[in-house]
2 protein chains.
Amino acid sequence: MKKYKIVIVEDHLLLSQAIGNIVDSFDDFEVICLCNNGKELTEKFSNSDVIPDVILMDINMPIMNGIETTEWLTKHHPNVKVLALSVEDDEDTVLRMLRAGAKGYLLKDVEKSILEEALLEVIKNGFYHTKDVTDILMNSICGEQESIQFKENELIFIRYACSEMTYKEIAEKMFLSPKTIDGYRQVLFGKLGVKNRIGLAMYAIRNKIFMP
Amino acid sequence: MKKYKIVIVEDHLLLSQAIGNIVDSFDDFEVICLCNNGKELTEKFSNSDVIPDVILMDINMPIMNGIETTEWLTKHHPNVKVLALSVEDDEDTVLRMLRAGAKGYLLKDVEKSILEEALLEVIKNGFYHTKDVTDILMNSICGEQESIQFKENELIFIRYACSEMTYKEIAEKMFLSPKTIDGYRQVLFGKLGVKNRIGLAMYAIRNKIFMP
DNA sequence: TTTAAAAAAAGGGTTTTTCCCTTAAATTAT
DNA sequence: ATAATTTAAGGGAAAAACCCTTTTTTTAAA
């Protein structure tokens, strides 16, 4: 009986081997390859004609992360199913991974049996989603997004506003008049409902516009 | 031949089982128990007289984390060796774990063979440190730490300074004169080498005094 | 293609907040 | 009692915040 071929992309060797063992213990699956990162995977795909059925993909990896790699796969090998396997459970990461084309998203604290079920489902139906992920999906649709859009200059200004530069210095850096910068400031304070530069900086950090 | 007894404390079930399998495959070790968090471990210790030789301890766990749990073990069961097993490789976490009494610190990307070596070393010599961890240790000793100490009021002020409150409002909240607050501000600017409130807020976030 | 509307960039000027230096009283430690 | 530390406070300059107006550029429409 033919087994489905699995590739694991995961930079933590111990975990990679461990998942490999578990998957190998399933009747219908066999691990054909372990990759340390996305780059390694894309190279393997180029130099070989053995194509896996499912890829178990970590997200936080050096060199080429899970989201980038999944995008690449969706583009170049749309028939290969990607199942994300990560510790990240924040909405943003989950959504970006699904948008990139992942067929499912498992948290690393799943049980063996769920992993097996997920693999079978992905093969059979093309997708597998736990309740957690479905909730996140629903939430992202229902919860009126609002998602404020920024112009390029506004983003640049916001980042400078998170530094110790004065507005005058920011103006110089951006080759604009201090008065224009003051305009940006005023517009953004209104848009974001903040009272001062500290509020702006905190907004920037919370929304990952600026990383401290 | 008697095998050394290992307990694994790890909230991610998949990883927990996986590590369990690996450890069971070693000749000299057997896993006697898996715990989801520190609390579970302390309860097991109270209700049983089977004491393990080594505990493989994750750090990020709900309810009772690895550092707290290690502190508890160091106090109540100093003979049980704790080997930290984590993805966190930042200096701060490593140091806190070692200070709590861990005998070694492995990153989760270690190979099987290293894990076995670490377990054997911990049993034999009482400790095991990889080069990475030794480097961090050295760095923390050599690199003049400076580690700025804050008074309680300073910490409270710093956190308020990360909000949109004016200094006057902060003064009211803290039942102090605005001029006293201004004093705090000035002292802290000097201590931390920042130029303005934004700099102070960013310092607070970088050093985990304030979480945005 | 000219014209109208909208958005971006600047300017002027006022109020408030921040920042910095210095001094003094009150508290705490030696 | 004396020395440090903490708390409080004044004066003044700079920066930030705010509001309203004008010019320039971009975009859309007639």
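So that the names make sense, note that chain A is the first sequence line, chain B the second, and so on, each numbered from 1.
- As rounded to whole Å, 13 Å separates atom C1' of C:dA9 from atom NZ of A:Lys151.
- Remark: the backbone N or O of B:His12 is paired with a side-chain donor or acceptor of B:Glu10 at under 3.5 angstrom.
- In this structure, A:Arg197 atom CZ and D:dA16 atom P are separated by 6 Å, rounded to whole Å.
- The two residues A:Cys162 and B:Ile198 come nearest to each other via the heavy atoms O-CG2, 3.4 Å.
- Listed in residue order, the members of residues 163-171 of chain B having a heavy atom less than 4.0 Å from DNA chain D come to none.
- When the C1' atom of D:dA17 is taken as reference, atom CZ of A:Phe157 falls 11 Å away, rounded to whole Å.
- In terms of position on DNA chain D, the residue among B:Asn196 and B:Thr180 whose nearest nucleotide sits closer to the 5' end is B:Thr180.
- Screening residues 187-196 of chain A for side-chain hydrogen bond (donor to acceptor under 3.5 Å, both in side chains) gives A:Glu154-A:Lys191 as the qualifying pairs, with residues at least two apart or on separate chains.
- The side chain to side chain contact (heavy atoms under 4.5 Å, CB included) test with B:Phe45 is passed by exactly one of B:Thr42, B:Asn47, B:Leu41: B:Leu41.
- In the displayed structure, B:Tyr4 atom OH is contacted under 6.0 Å by at most 12 heavy atoms of other residues, nucleotides or ligands.
- With 3.5 Å as the limit, one finds no donor-acceptor pair spanning the side chains of A:Tyr167 and A:Asp182.
- Distances from the side chain of B:Asn153 to the nucleotides D:dT7, C:dA9, D:dA9 place D:dT7 closest.
- The existence of a salt bridge linking A:Lys44 and A:Glu40 is confirmed by a sub-4.0 Å separation between a basic side-chain nitrogen and an acidic carboxylate oxygen.
- Protein atom CG of A:Leu188 is 11 Å distant from nucleotide atom P of C:dA8, rounded to whole Å.
- Taking a cutoff of 4.0 Å between a charged side-chain nitrogen and a carboxylate oxygen, A:Arg96 and A:Asp90 do not qualify as a salt bridge.
- One interatomic measurement links the two molecules: CG of A:Leu176 to C1' of C:dA7, which rounds to 14 Å at whole-angstrom precision.
- Within the 4.0 Å cut-off from OP1 or OP2 of D:dT7, at least one side-chain nitrogen or oxygen of B:Tyr184 is found.
- Regarding A:Phe175, its CZ atom lies at a distance of 18 Å from the C1' atom of C:dA10, rounded to whole Å.
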Reading 5' to 3' through nucleotides 20-30 of chain C, protein heavy-atom contacts under 4.0 Å coded B for base, S for sugar-phosphate only, - for none: BB---------
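- Here the C1' atom of nucleotide D:dT5 and the CD atom of B:Glu154 are 12 Å apart, to the nearest Å.
- When rounded to the nearest whole Å, the span between CD1 of A:Ile198 and P of C:dC19 equals 8 Å.
- Ring geometry, A:Trp72 versus A:His77: the interplanar angle falls from 30° to 60°, so the pair is classed tilted.
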